[in-house]
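Have a look at the structure below before the remarks.
Whatever order the structure lists ligands and atoms in, that order sets their numbers, starting from 1.
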Amino acid sequence: MVFTFSIALGSGLGYMEFVAGRLNRPSLRLRVTAAAENRVRGGHPWVFAQSVREQNRAGKTGELAILFDRKDRFLAAGLYDAQSPIRVRVLHAGKARALDTAWWRQRAEEALARREGMFDGTTTGYRCINGESDGWPGLALDRYGGTLVLKLYTAAWLPRLEDIAALLGTRERLVLRLSRNIQEAAAEGFGIKDGQVLRGEPCAGPAVFLENGLRFEADVERGQKTGFFLDQRENRREAAALAAGRSVLNLFSYTGGFSVYAAGGGAESVWSLDISEHAIAAARRNFALNGDRPAIANCRHETIQANAFDWLRETRYNRFDLIVLDPPSLARREADRAEAVGAYGRLLDGALALLRGNGILIAASCSAHVTAAEFFGLAREAARRTGRPFEEMKTTRHAADHPASFPEADYLKCVYLHLLR
Ligand code: SAH
């Protein structure tokens, strides 16, 4: 079993012999810079390629790397990724110990236990494992009703797929999703592809699940992320609570999550705008899935397929009472930051200009390279530029099933602005 990494300690003073599972060559040992050492000791799960000072041999993606500190003592063990700038993703730091089957099982159980009692039967779509923050670097596991979706962000997990499936233990359908940058390695090295069903019956269309009693479909095989933006659940609930009698605009609506909630909360009308035809079609289907609710059946739902930036510049309709602004990440790299700040400014100005008196803007950012403080600052500046009195109702962060244990994981932030006149 590949999960069994026994770390055998040698008897000599300061000397440790690490035996990495069934690898029959010397274990991969890395010495890292002092700065990286400090970061790892502080709990950060990433060691970048440029932080590796030396290693005993070339490493293979997916094997266990043992990190040593300046005094040649055990620092951490993690997954080696020869292709990624994140060269090692830490699995365990601190005292040397065996990462054996029991250790892995405990990791999985801990993540699942963290969600226990979080959701009742009215929510069957949620995140079960949130990557590094749950001790599973570069791996996410989401549930959509009876379908589990495993998303990998590093090729280091590819050789361990069978073990992960075994560890999850259930017989439920398990769908594999791969981030774009590892799809080629997966196809060439392992003959597996994005959207592949690893276990259970093939998908007969999208998975249908419940969120706060509302029905949604998730295209688990092809949709963005794992098929749905589960991380916005709490903000969607807030949107519903603010929507009664209001005319609502949902910008970057994707499959209409915020739109359906707003309709369910009694919105008079909802406009869903997205650039993707597929997303718009799914938003319509999600309304239809909830057609047995009078509030949703009675709500006028308009869909607009457009580029939000262009549409905001050109529209003359400015009579919305509630606007949701949830664009995709505008800064995927640090180098995109300045441009993203400008783009947020244009979106915020454009959205605020369409609000009637007493209107509310719910603005979210999922760009990890723009901090919460910066984003909230941008939103406040835009509100000031309107020249209208406003109050900041509140700000929100990650939902509880999406814990964030280090800065790069802490991407989602949302601010609620109320224009008073
Ligand atoms: N708010 C959604 C998630 C938004 S994801 C939810 O809660 O489910 C971002 C969406 O923005 C995607 O659906 C993508 O198609 C859309 N998008 C990306 N660029 C766009 C643009 N310039 N104009 C309009 N939509 C865009």
Assess whether a salt bridge exists between [X] and [Y], defined as any Lys/Arg side-chain N lying under 4.0 Å from an Asp/Glu carboxylate O.
X	Y	value
R41	D69	yes
D231	K225	yes
R346	D349	no
R236	D326	no

Practice task
Might you confirm whether atom CZ of R332 has over 12 heavy atoms from other residues, nucleotides or ligands at distances under 6.0 Å?
Solution key: no

Exercise for the section: Verify the distance criterion only: is there a donor paired with an acceptor across the side chains of Y261 and Q232 at less than 3.5 Å? Expected result: no

Problem - Modelled atom types, side-chain donor and acceptor of Q83 and T61, under 3.5 Å - result: yes

Which atoms of ligand 1 are found less than 4.0 Å from any heavy atom of [X]?
X	answer
Q224	12 (C), 13 (O), 14 (C), 15 (O)
Y254	2 (C), 3 (C), 4 (C), 8 (O), 13 (O)
S276	15 (O)
F229	3 (C), 5 (S), 8 (O)

Distance from [atom] to nearest protein heavy atom, with residue and atom:
atom	result
atom 23 (N) of ligand 1	A308 N, 2.8 Å
atom 22 (N) of ligand 1	N307 OD1, 3.2 Å
atom 18 (C) of ligand 1	P328 CG, 3.6 Å
atom 25 (N) of ligand 1	I275 N, 3.1 Å
atom 20 (C) of ligand 1	F252 CE2, 3.5 Å
atom 13 (O) of ligand 1	D274 OD2, 2.7 Å
atom 1 (N) of ligand 1	D326 OD2, 2.6 Å

Handout entry: G256 to ligand 1, any heavy atom closer than 4.0 Å
Key = no

Below 3.5 Å, N or O to N or O, backbone or side chain included: is there any such pair between [X] and ligand 1?
X	result
P327	no
T255	no
S253	no
R236	yes

Practice task
Report the residue from F228, Y126, F119 that forms a ring pair (Phe, Tyr, Trp, His ring centres under 6.0 Å) with F209.
Solution key: F228

Exercise for the section: Indicate, as side chain, backbone, both or neither, the part of A306 found under 4.0 angstrom from ligand 1 when only non-hydrogen atoms are considered. Expected result: backbone

Practice task
Specify side chain, backbone, both or neither for F258, according to which of its non-hydrogen atoms lie closer than 4.0 Å to ligand 1.
Solution key: side chain

Exercise for the section: State whether the side chain of E132 and the backbone N or O of G138 hold a donor-acceptor pair below 3.5 Å, judged by distance alone. Expected result: yes

Fill in the blank from the handout: Between L361 and the options L354, L249, L348, V324, the side chain to side chain contact (heavy atoms under 4.5 Å, CB included) test singles out L348

Problem - Steps toward side chain to side chain contact (heavy atoms under 4.5 Å, CB included) verdict (S367, Y344) - result: CA-CA 10 Å; S367 306; Y344 278 127; 2.7 Å; yes

